[in-house]
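Computed from a predicted structure; not experimentally measured. Just so it is clear: chains get the letters A, B, ... in the order the sequence lines come, proteins before strands, and each one is counted from 1.
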Amino acid sequence: MKADPSGVLTGRHYFDGNHACCEGALAAGCRFAAGYPITPSTEVVERIAKRFPHLGGVFIQMEDEIASSIALQGAVWAGKKAMTVTSGPGLSLMMEHIGLAAITETPCVFVDVQRGGPSTGLPTLPGQADMMQARWGSHGDYELIALAPSSPQECFDYTVDAFNLAETYRVPVMMMMDECVGHMTERVDIPAAETIEVTPRRYTTKKKGEFKPFEPGENMVPDMAKAGDGLRFHVTGLTHDERGYPVINAQAQDKLIRRLVDKIRLQADRIVRYEEDAVENADVIVVSYGITYRVALRAIEMARAKGVKVGSHRLVVCWPFPEKRIRELAARGKPIVMAEMNLGQMYWELERCAAGKCKTALVSHAGGTVHNPEVIYNAIMEAVR
Amino acid sequence: MSEQTNHTEGEPRVNPVLPYLREDRMPHIWCPGCGIGTTVNCFARALTESELDLDKVSIVSGIGCTGRVAGYMNLDAFHTTHGRPVAFATGLKLANPDLKVVVYSGDGDLMAIGGNHFIHACRRNIDMTIVCVNNFLYGMTGGQASSTTPDPATTTTAPYGAFEHTFNLPFLADSCGAVYVARWTTYHVRQITKAMKEALAKKGLSFIEIISPCPTLYQRRNKLGDGLQAMEYYRDNSVVKSGADTREVEIKYQGEIICGKFVDRERATWLDCYNTRNAAAIGARYRPYPWRENGEGGVK
Ligand SMILES: Cc1ncc(C[n+]2csc(CCOP(=O)(O)OP(=O)(O)O)c2C)c(N)n1
Ligand code: SF4
Ligand SMILES: [Mg+2]
């Protein structure tokens with residue numbers, strides 16, 4: 001399905017990432033948003049609040065992030081595409097409802113414009129230290145999808161993708177932005193609506209009585225229903241059977257939770273996305289994502305100028321992690337350097353997948369500003385020495 | 001459920017409430033003598049008498065013994081997280097204002113962990129009905145103190161007796177802006193049904209507190225007898241004072257329970273305010289929400 005032109009601001013713009021993210025959501029068909037102000041993410045909902053009344057959408061500033069993160073799920077079950085936007089402290093408050101979205105298979109988008117943490121940390125300065133929280137923060141076993149844009153243009157593009165992925169797999173999708181990407185202004189080209197692919201919600205065609213709201217269909221994903229259509233369905237955060245009824249035993253748990261996890265793990269090949277440059281003949285590969293990818297590019301350039309064959313692997317989808325590809329790269333036996341704005345989070349995944357097949361090095365950073373490219377450069381040179 | 005039907009001797013009848021329940025989920029989990037089932041009977045009756053299109057009624061619960069109500073109703077039903085049904089319902093209602101949204105949950109769920117959402121929903125005057133079954137404690141988790149446990153009732157976490165000041169729920173709802181506020185006990189089945197009907201018909205946030213026995217935990221631990229004895233207490237100690245000043249309806253341990261309809265007023269809902277403000281600011285170009293396809297029916 002193509003985007004509804006009313007929500008698409010086609011043309012060439014100079015936007016920061018937060019504004020671009022808002023426009024991406026509108027293009028994707030988002031018509032409900034709930035949020036609670038928090039730096040450095042607030043511009044997203046400020047723009048939504050301004051734009052929605054002209055588009056038949058509703059924004060509500062809730063009393064806190066706990067409320068925002070569940071109000072949006074109410075909106076989804078009433079038929080809207082919905083998102084919420086926050087930063088670290090707010091994301092921490094939302095965790096229980098990421099689990100709710102996972103177990104009730106509620107397609108929705110959470111935008112996290114990352115700042116330095118923990119706690120109030122660095123409200124106005126960047127970080128990439130929510131990566132593990134985004135993946136593991138709610139209790140229990142579950143899977144979700146997370147994307148990491150590195151520019152305002154990608155904030156637009158990936159927000160559209162985030163909504164589409166949410167509909168396809170019926171999982172919460174995390175937009176892992178950061179303060180730099182959120183606040184940097186660059187050119188953003190918004191294409192014509194008829195060129196923007198939008199995934200519609202896959203509603204059931206079954207009638208009341210035959211419809212089972214959690215019976216897996218295409219892609220192991222059940223068809224949706226929405227309140228008010230006469231299906232009289234039941235949704236619960238308890239472990240449930242295909243009818244959506246609570247079943248509190250080990251077999252039901254095994255059946256449901258394995259499907260929730262498998263629908264992502266077994267289909268990861270279709271979800272994983274990365275960008276690579278010159279990895280085939282590389283003597284060293286730099287892995288990075290988000291704003292740090294942009295900084296790493298400079299370091300790669302510097303090393304190449306010294307004649308080092310450097311490849312780049314950049315995560316677009318961070319969760320699920322590109323496990324298979326990293327194993328292949330590691331199997332070459334050449335070192336892999338990872339740069340990220342935390343003290344080692346996605347690096348754990350890298351190490352796990354490299355499994356000793358190659359040397360790995362972490363270029364960490366506690367956050368507050370981006371890496372100095374020199375530091376990444378030094379790590380590259382060290383790795384090939 | 002304690003109070004099954006109006007069944008009279010020698011006259012086998014189908015329980016009139018059954019069509020409103022998910023029969024395939026029976027038996028329910030509630031203990032004998034528990035008041036929650038009584039309130040559900042009243043709710044089913046109120047739904048019938050309201051002649052609402054039940055396909056357009058959604059019920060949202062949190063977690064608790066009362067939180068199980070959503071799961072037993074044959075409606076679009078959402079059993080959400082502990083304390084958050086009002087926030088979920090806010091999203092549900094605003095995303096499709098054609099739905100009739102009812103939140104049904106316990107005193108712990110709505111007023112302790114969920115208190116913030118409750119007061120803000122009242123303030124905003126979101127168009128929904130909130131039913132709070134107040135059994136003076138946390139039933140589901142084994143009888144701990146809640147924000148309504150009166151001094152000196154004992155609970156598992158107040159073994160020497162509760163001592164905190166309690167919430168006076170009608171006053172809380174009233175002062176935060178609810179447009180309809182009533183309190184009844186499970187002794188008052190006809191009045192509960194009537195109040196629910198009125199609440200369902202009311203535009204804006206309607207709130208009903210139902211004082212309800214938890215024989216298993218509250219009654220027994222406090223040596224107050226069984227469900228029947230709770231009924232006797234309600235019968236003998238309830239005072240109907242409709243229009244009472246909500247500041248004066250606080251409940252003391254085994255004391256007088258002032259019942260009635262305390263508030264019934266008009267106030268613009270969140271959505272009315274949203275449309276009024278936007279229309280004023282944006283002018284003729286503004287198209288009121290919800291946008292309807294062909295002027296009728298479902299929201300876009
Ligand atoms: C976040 C969270 N905290 C605690 C619990 C445990 N819990 C489940 S129900 C409940 C209290 C229920 O009390 P109330 O709302 O009064 O309902 P009742 O069982 O009395 O009807 C608690 C504390 C939970 N499920 N989630
Ligand atoms: S524990 Fe109390 S509130 Fe819960 S079902 Fe039993 S009697 Fe009712
Ligand atoms: Mg209770």
Show your reasoning for whether ring pair (Phe, Tyr, Trp, His ring centres under 6.0 Å) applies to A:Tyr245 and B:Tyr72. CA-CA 10 Å; A:Tyr245 291 177; B:Tyr72 296 132; 9.4 Å; no
Could you walk me through whether B:Asn96 and A:Lys226 pass side-chain contact (heavy atoms from CB on, under 4.5 Å), step by step? CA-CA 10 Å; B:Asn96 182 355; A:Lys226 68 173 186 297; 5.8 Å; no
Tell me whether A:Arg232 contacts the main-chain N or O of B:Asn74 through its side chain, where contact means a donor paired with an acceptor under 3.5 Å. yes
Do B:His79 and A:Val235 have side chains that get closer than 4.5 Å, going by heavy atoms? no
For a quick test of reading the model, state the closest non-hydrogen atom pair linking A:Ala227 to B:Leu92 and the distance between them. CB-CD1, 4.2 Å
For A:Lys50, does the NZ atom have more than 12 heavy-atom neighbours from other residues, nucleotides or ligands under 6.0 Å away? no
Going through the checks in order, is the side-chain contact (heavy atoms from CB on, under 4.5 Å) test met by A:Met62 and B:His120? CA-CA 8 Å; A:Met62 293 300 284; B:His120 285 279; over 6 Å; no
Using non-hydrogen atoms and a 4.5 Å limit, figure out which bit of A:Phe32 sits close to chain B: side chain, backbone, both or neither. side chain
Under a 4.5 Å heavy-atom cut-off, does chain A meet the side chain of B:Leu54, its backbone, both or neither? both
Evaluate the salt bridge (charged side-chain N to carboxylate O under 4.0 Å, His left out) criterion for residues A:Glu63 and B:Arg123: first the C-alpha distance (whole Å), next the side-chain angles of each, then the deciding distance (0.1 Å), finally the verdict. CA-CA 11 Å; A:Glu63 50 275 14; B:Arg123 172 181 66 78; 5.6 Å; no
I'd like to know which of B:Ile59, B:Thr90, B:Asn278, B:Leu75 tops the heavy-atom pair count under 4.5 Å against chain A. B:Leu75
Among B:Val101, B:Leu99, B:Thr81, which residue forms the greatest number of heavy-atom pairs with chain A at distances under 4.5 Å? B:Thr81
Mark yes when over 12 heavy atoms from residues, nucleotides or ligands other than A:Glu210 sit less than 6.0 Å from its CD; otherwise mark no. yes
Output the option from B:Asn275, B:Asn116, B:Leu94 having the highest count of non-hydrogen pairs under 4.5 Å with chain A. B:Asn116
Non-hydrogen side-chain atoms of B:Arg124 and A:Ile60 separated by less than 4.5 Å: yes
Can you confirm whether B:Tyr138 is buried at OH, in the sense that more than 12 heavy atoms of other residues, nucleotides or ligands lie under 6.0 Å from that atom? yes
Quick one: of A:Ala34, A:Pro213, A:Gly57, A:Ala82, who has the most non-hydrogen atom pairs under 4.5 Å with chain B? A:Gly57
Between B:Arg68 and A:Leu238, is there a side-chain heavy-atom distance shorter than 4.5 Å? yes
Within 6.0 Å of OH in B:Tyr274, more than 12 heavy atoms from elsewhere: yes
Winner by heavy-atom pair count (cut-off under 4.5 Å) against chain A, out of B:Gly71, B:Ala87, B:Ala70: B:Ala87
How long is the straight-line distance from CD of A:Gln73 back to CZ of B:Phe78, given to the nearest 0.5 Å? 11.0 Å
Are A:His54 and B:Arg285 side-chain neighbours, meaning at least one heavy-atom pair lies under 4.5 Å? yes
Could you check if a side-chain atom of A:Pro53 sits within less than 4.5 angstrom of a side-chain atom of B:Tyr289, using non-hydrogen atoms only? no
Flag if over 12 foreign heavy atoms under 6.0 Å of NZ, A:Lys255: no
Count the heavy-atom pairs under 4.5 Å between each of A:Leu72, A:Asp64, A:Leu231 and chain B, then report the option with the highest count. A:Asp64
Separation between CH2 (B:Trp291) and OG (A:Ser6), nearest 0.5 Å, reads 6.0 Å
Around A:Asp254, counting heavy atoms of other residues, nucleotides and ligands shown, do more than 12 lie under 6.0 Å from its CG? yes
Can a donor-acceptor pair be found, under 3.5 Å and without considering hydrogens, that links the side chain of B:Asp55 to the backbone of A:Asp229? no
